[in-house]
Amino acid sequence: MTGNRGAAPTPPSAGAGNGPAVSRQEFDALFAAVRTWGRWTPADRGAWNRVTPDHVRRAAALARSGTVIALARPWNTAAGPDNSKPALHYMSDLGDVEAPEPSTHKDFIAVDYHGKATSHLDALSHAAYRGQLYDGHAARECVDAGGARFGAVSALGPLVTRGVLLDLPTVLGCPWLEPGRAVHAADIVTAERALGVTIGEGDAVLLRSGSVRRRREKGAWDPGTASAGFHVDAVPLLAERGIALLGGDGDSDVRPSPVEGVHSPVHALALAAMGVPLLDNLDLEALSAAGAVAGRYEFLLVVAPLNIPGGTGSPVNPVAVL
């Protein structure tokens with residue numbers, strides 16, 4: 001689809017807050033309403049079961065110009081308010097360990113990736129709600145010091161599907177959404193109309209809040225305290241559309257959380273209720289620029305997590321192709 005800059009409903013201000021507040025009772029009702037337990041086999045692939053060979057073929061047809069855009073942030077070894085557990089990178093061979101000719105250079109990397117700094121995929125074992133993982137599996141029975149026996153990232157494999165960029169700063173005419181700004185269902189509909197896209201079955205939905213640009217221009221802050229992201233009232237629309245993957249340049253949740261006693265409500269709804277894996281901490285600036293040039297915000301998306309048996313997720317470098 002091509003971009004459509006026609007008339008659209010006026011969205012809330014880019015500086016609007018994280019509300020309205022949601023009670024725990026209301027949240028539990030929402031959890032039950034979007035739950036897809038018992039729908040798929042194998043269950044620990046969750047919503048990725050929606051992506052059929054037909055979906056892949058249609059997504060591949062979106063690669064028209066051949067423009068390839070990597071969506072991962074750089075490997076971050078610098079401590080900061082948004083990186084309390086920096087990634088590791090050091091050289092283990094400077095050409096002086098093995099016999100000469102050819103000399104070899106080797107390095108070591110490691111990361112505690114579930115945080116705010118590393119681009120990564122959350123598998124279904126990453127989040128439980130009321131002690132249950134997706135499909136009703138008891139978390140204490142499925143996850144221990146040896147890893148996850150249900151919902152591991154190794155069960156997911158790679159994903160090739162249609163990606164849709166919800167480029168809210170472009171729609172709103174601002175450089176970024178301020179931390180704490182909630183994105184509601186009405187914002188999604190407004191973005192679809194303004195950008196000329198419609199979210200559909202098996203799609204990967206990526207939210208650009210502009211946080212990478214904001215950090216570059218204004219410095220780092222703690223996204224665990226304040227970040228732009230989805231309000232829980234956006235989730236029923238995404239569930240109705242039948243998405244396979246949700247992600248963005250944050251971790252999808254608006255912070256502070258609007259739900260009492262639930263620090264990451266979108267994580268709970270997506271992973272534990274809907275079986276939708278999450279992509280966190282992407283860099284969507286280049287994709288936004290390329291979408292503006294191409295006049296379209298749909299693309300071929302390839303996500304290939306590491307094959308880690310028992311892993312609750314994986315560092316990842318998703319690739320968009322326009």
Side-chain angles (χ1 to χ4, degrees), residues 44-45 48 63 66-127 143-160 163 204 206 211-213 215-217 219-224 245 247-251 277-287 289-290 300-321:
D44 50 2
R45 294 192 76 243
W48 283 20
T67 302
V68 178
I69 302 167
L71 305 181
R73 300 186 191 186
W75 197 252
N76 193 341
T77 60
D82 56 350
N83 193 17
S84 60
K85 297 177 180 179
L88 301 179
H89 178 218
Y90 63 79
M91 299 303 297
S92 58
D93 186 347
L94 293 176
D96 56 0
V97 175
E98 298 178 317
E101 306 309 346
S103 59
T104 59
H105 308 97
K106 302 174 185 177
D107 49 356
F108 170 90
I109 60 172
V111 65
D112 189 347
Y113 58 88
H114 284 301
K116 310 301 182 185
T118 301
S119 300
H120 68 272
L121 178 74
D122 291 341
L124 301 189
S125 56
H126 174 54
V143 185
D144 57 23
R149 291 182 293 278
F150 174 84
V153 71
S154 54
L156 290 174
L159 179 74
V160 179
L206 304 182
S211 63
V212 171
R213 178 178 173 183
R215 187 186 192 280
R216 184 171 63 239
E217 296 187 17
W221 73 97
D222 179 8
L245 177 65
D249 53 12
D251 70 355
L278 297 173
L279 274 177
D280 293 350
N281 310 323
L282 303 180
D283 183 343
L284 300 175
E285 297 305 298
L287 181 59
L300 170 66
L301 180 70
V302 180
V303 183
L306 299 176
N307 186 1
I308 306 172
T312 63
S314 167
V316 70
N317 182 17
V319 175
V321 187

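Scope of the values below: all heavy atoms of this structure, side chains included, with no hydrogens, waters or symmetry mates.
Distance check: Y113 OH to K85 NZ gives 12.0 Å after rounding to the nearest 0.5 Å. Between the OG atom of S211 and the CZ atom of R216 there is a distance of 10.5 Å, given to the nearest 0.5 Å. For the atom pair L71 CG and N317 CG, the distance stands at 7.0 Å (nearest 0.5 Å). Taken to the nearest 0.5 Å, the CG atom of D107 stands 10.0 Å off from the CG atom of L94. Considering CG of L284 and CD1 of I69, their distance stands at 10.0 Å, rounded to 0.5 Å. With rounding to the nearest 0.5 angstrom, the OG1 atom of T118 is 6.5 Å from the CG atom of N83.
Across S314 and L306, no two heavy atoms sit closer than the pair OG-N, 2.9 Å. Heavy-atom minimum distance, G151 versus D44: N-CB, 3.2 Å. Nearest heavy-atom pair across G313 and V153 is O-CG1, 3.4 Å. Taking every heavy atom of both residues into account, L206 and G248 meet most closely at CD2-N, 4.5 Å. Residues P305 and P158 approach most closely at CD-CA, 4.2 Å, considering heavy atoms. Contact between V316 and L121 at its shortest, heavy atoms only, is CG1-N, 3.8 Å.
For the 3.5 Å distance criterion, the side chains of D122 and H120 qualify, holding a donor opposite an acceptor.
A 4.5 Å side-chain heavy-atom check between P277 and L124 finds at least one atom pair inside the cut-off. In this structure the side chain of P318 reaches within 4.5 angstrom of the side chain of L301, judged on heavy atoms. V160 is listed as a side-chain neighbour of L300, based on a closest heavy-atom distance under 4.5 Å.
The side chain to side chain contact (heavy atoms under 4.5 Å, CB included) test with L245 is passed by exactly one of L156, L278, L279: L279.
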Please report the C-alpha distance between K116 and D222 in whole Å, then the side-chain angles of each, then the deciding distance to 0.1 Å, and finally whether the salt bridge (charged side-chain N to carboxylate O under 4.0 Å, His left out) criterion is met.
CA-CA 8 Å; K116 310 301 182 185; D222 179 8; over 6 Å; no
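A distance-only check finds a donor-acceptor pair linking the side chain of S119 to the backbone of N281 [under 3.5 Å].
Note on R73 versus D249: no salt bridge recorded, every NZ/NE/NH1/NH2 to OD/OE distance being 4.0 Å or above.
Under the 30°/60° scheme for interplanar angles, the aromatic rings of H126 and H114 are found to lie parallel.
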